[in-house]
Amino acid sequence: MIQKIRGTIDILPEEIPYYRFIENTARKVAEKYGFSEIRTPTFEATELFRRGVGNTTDVVQKEMYTFLDNDNRSITLRPEGTASVARALIEHGRCGDAMPIKLYYLINCFRYEAPQAGRSREFFQFGVEMFGAGNPAADATIISLGSSVIRELGIPNIALHINSIGCPACRPAYRDALVKYFSEYRNQLCESCKGRLKTNPLRLLDCKNESCAALAAGAPKILDYLCIECSDHFSKLQSYLDSMSVSYQINPAIVRGLDYYTRTVFEFIADGIGAQSTVCGGGRYDGLIAELGGPQLAGIGFAMGITRLILAIKQAGIKIPEEPKPLLYIASLGSAATQRALSIVEGLRGRGIYAECDLVGRSLKAQMKYADKIGAAYTLILGDNEIESGKAQLRSMSSSTQEEIPIDEIEKHLLG
Ligand code: HAM
């Protein structure tokens with residue numbers, strides 16, 4: 001038996017309504033904020049993520065699905081969407097368009113991580129990116145878009161954590177302060193953090209290891225090291241969020257796992273869905289477009305993990321919109337009845353109505369059971385006698401009443 005690859009998921013039909021609910025809600029909200037959809041390839045040149053996401057990040061170092069294609073090019077299945085969207089913008093000469101450029105996407109991503117609840121190797125994101133707006137009003141708008149999606153989904157108990165990680169002007173001094181602080185406790189750090197001390201000291205702040213986390217609590221705080229511009233940006237963001245009634249908490253431990261971030265970073269964290277509780281992560285990345293060979297152009301965005309949102313929706317017992325049910329099911333016995341049934345359901349479908357008829361040749365009893373199972377609103381029973389008389393019983397499944405109608409008038413009866 002060939003089985004799916006570890007860490008991938010089959011989304012069976014009964015799970016699809018959850019995905020549709022989230023995708024439809026996300027699209028609706030994004031479009032209300034003036035975002036247009038973009039679709040980029042599932043795989044890209046490996047170099048894009050090395051340069052975009054950053055060579056020292058866990059994503060690039062350990063988690064990418066990278067392979068050589070038949071032309072010996074190094075290809076990577078996208079681990080995220082931001083670098084691809086930035087590349088597409090540069091490649092299509094869109095960096096001079098009217099600003100801001102506002103884009104959203106619904107994508108699958110691939111990361112070789114240890115699978116657990118809320119973490120898989122292929123997963124799904126809803127993401128938004130805004131380019132050409134360096135003002136903190138843009139940060140506030142992006143964050144408010146994220147919180148609107150969560151509100152519209154009806155998920156309670158999700159907290160917004162915000163932080164600033166400064167810019168290339170002020171971060172080096174903070175980096176040095178962190179290295180100095182953690183170096184004193186080097187032998188209390190986990191093996192990964194010993195490495196991060198050299199490559200990416202900010203990541204020591206969000207290590208889940210108990211001893212590292214205890215040390216991180218006493219580490220120097222980035223907010224004490226911000227330059228005047230970054231500090232001003234962060235305080236304006238807070239007052240804009242206040243005026244938009246978006247509640248948040250400042251959390252200096254939010255540093256994010258990708259290298260492109262500057263200034264604002266944020267996460268929406270859900271209660272009660274286990275260890276993988278960040279349902280949305282994002283931030284500003286004012287250097288990314290230039291890093292990828294484009295002009296200096298500000299950027300900010302986020303991505304939500306759809307599977308994690310589903311866990312939170314289920315955990316909160318939220319009722320999601322039901323999938324459409326057939327208006328009519330025709331139970332038929334005999335080939336003349338089947339022929340008539342096929343022509344009636346086809347006519348109804350032509351008028352935009354969901355209708356079904358028997359395709360299996362089951363007994364009448366089994367057909368009625370099936371009609372009930374698929375939630376048909378009405379059932380029409382057709383046999384040789386009905387075809388001959390031109391009349392049949394139309395049964396309302398909700399009231400269990402039935403009336404005799406001319407078969408020719410079925411559309412009139414159902415659609416008025
Ligand atoms: P990220 O934090 O790496 O950011 O991922 C965003 C979200 O994707 C996470 O908060 C989580 O909900 C979900 N996610 C990540 N990895 C997995 C996984 N293995 N299984 C299930 N869900 C996962 C980014 O990807 C950035 N591109 C976000 C961004 C956009 N920043 C600016 N613009």
Side-chain angles (χ1 to χ4, degrees), residues 6-9 11 19 22 26 30 35 38 40 44 48-49 52-54 57-60 62-65 77-87 89 101-131 133 138-139 141-143 145-146 149-150 153 155 158-163 165 203 206 254-270 273-289 298-313:
R6 179 169 145 79
T8 62
I9 49 172
I11 305 168
Y19 284 83
I22 292 171
F35 284 64
I38 184 166
T40 59
E44 298 267 5
L48 174 67
F49 303 112
V53 172
T57 58
D58 284 355
V59 170
V60 169
K62 310 186 216 161
E63 297 168 6
M64 294 209 302
Y65 279 89
L77 301 183
R78 63 178 163 215
E80 58 106 53
T82 312
S84 302
V85 173
R87 178 206 45 74
L89 221 61
I101 298 168
K102 295 181 283 183
L103 301 165
Y104 78 87
Y105 49 84
L106 283 155
I107 56 171
N108 54 347
C109 301
F110 306 85
R111 294 186 196 174
Y112 190 85
E113 293 188 87
Q116 62 177 97
R119 190 161 73 192
S120 45
R121 291 180 174 171
E122 180 181 17
F123 60 98
F124 303 89
Q125 281 189 346
F126 161 65
V128 303
E129 313 292 352
M130 188 191 306
F131 297 91
D139 308 39
T141 301
I142 286 287
I143 290 173
L145 198 172
V149 171
I150 289 165
L153 292 173
I155 310 175
I158 292 192
L160 166 62
H161 296 237
I162 63 169
N163 190 24
I165 54 166
R203 293 293 288 171
D206 70 354
I254 301 293
V255 289
R256 312 280 301 126
L258 316 169
D259 269 1
Y260 47 60
Y261 292 111
T262 51
R263 295 192 167 163
T264 309
V265 285
F266 59 91
E267 290 186 359
F268 287 88
I269 300 174
I273 61 164
Q276 301 307 317
S277 55
T278 302
V279 292
C280 173
R284 181 165 278 288
Y285 47 85
D286 290 346
L288 178 64
I289 293 272
I300 179 158
F302 67 69
M304 293 186 172
I306 295 183
T307 326
R308 292 186 194 174
L309 289 172
I310 293 175
L311 288 177
I313 284 173

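In listed order, ligands and their atoms are each counted from 1. Index from 1, following the sequence.
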Next item on the list: Kindly say whether Ile273 contributes a backbone atom to a donor-acceptor pair with the side chain of Arg308 at under 3.5 angstrom?
Entry: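 No: the side chain of Arg308 does not pair with the backbone of Ile273.
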Checklist line | Side-chain (Thr278) to main-chain (Cys280) donor-acceptor, under 3.5 angstrom | finding: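 No, because the side chain of Thr278 does not come within donor-acceptor range (under 3.5 Å) of the backbone of Cys280.
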Notebook entry, point to check: With the threshold set at 4.0 Å, does a side-chain nitrogen-carboxylate oxygen contact exist between Glu44 and Arg87?
Noted result: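 Salt bridge: yes.
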Check: In terms of side-chain geometry, is the basic nitrogen of Arg256 or Glu267 positioned less than 4.0 Å from the acidic oxygen of its partner?
Finding: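 Salt bridge present between Arg256 and Glu267.
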Next item on the list: Check whether more than 12 heavy atoms from other residues, nucleotides or ligands sit under 6.0 Å from atom OH of Tyr19, and answer yes or no.
Entry: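 Count over threshold, so yes.
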Pairs under 3.5 Å, N/O atoms on ligand 1 and on the protein: can you put them in a table with the distances?
from	atom 1	to	atom 2	distance (Å)
ligand 1	2 (O)	Arg256	NH1	3.0
ligand 1	2 (O)	Arg256	NH2	2.8
ligand 1	3 (O)	Arg111	NH1	2.9
ligand 1	3 (O)	Arg111	NH2	2.9
ligand 1	4 (O)	Arg256	NH2	3.0
ligand 1	5 (O)	Gln125	NE2	3.3
ligand 1	8 (O)	Gln125	NE2	3.2
ligand 1	10 (O)	Thr278	O	3.2
ligand 1	12 (O)	Thr278	O	2.9
ligand 1	12 (O)	Val279	O	3.4
ligand 1	12 (O)	Gly305	N	3.2
ligand 1	19 (N)	Glu113	OE2	2.7
ligand 1	19 (N)	Ser120	O	2.9
ligand 1	20 (N)	Ser120	N	3.0
ligand 1	25 (O)	Arg111	NH2	3.2
ligand 1	25 (O)	Gln125	NE2	3.1
ligand 1	27 (N)	Glu80	OE1	2.6
ligand 1	27 (N)	Thr82	OG1	2.8
ligand 1	27 (N)	Tyr260	OH	2.9
ligand 1	31 (N)	Tyr261	OH	2.6
ligand 1	33 (N)	Thr82	OG1	3.3
ligand 1	33 (N)	Glu129	OE1	2.8
ligand 1	33 (N)	Glu129	OE2	3.1
ligand 1	33 (N)	Phe302	N	3.3

Notebook entry, point to check: Does a side chain donor of either Thr40 or Tyr105 reach within less than 3.5 Å of an acceptor in the other side chain?
Noted result: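 No, no side-chain donor-acceptor contact under 3.5 Å.
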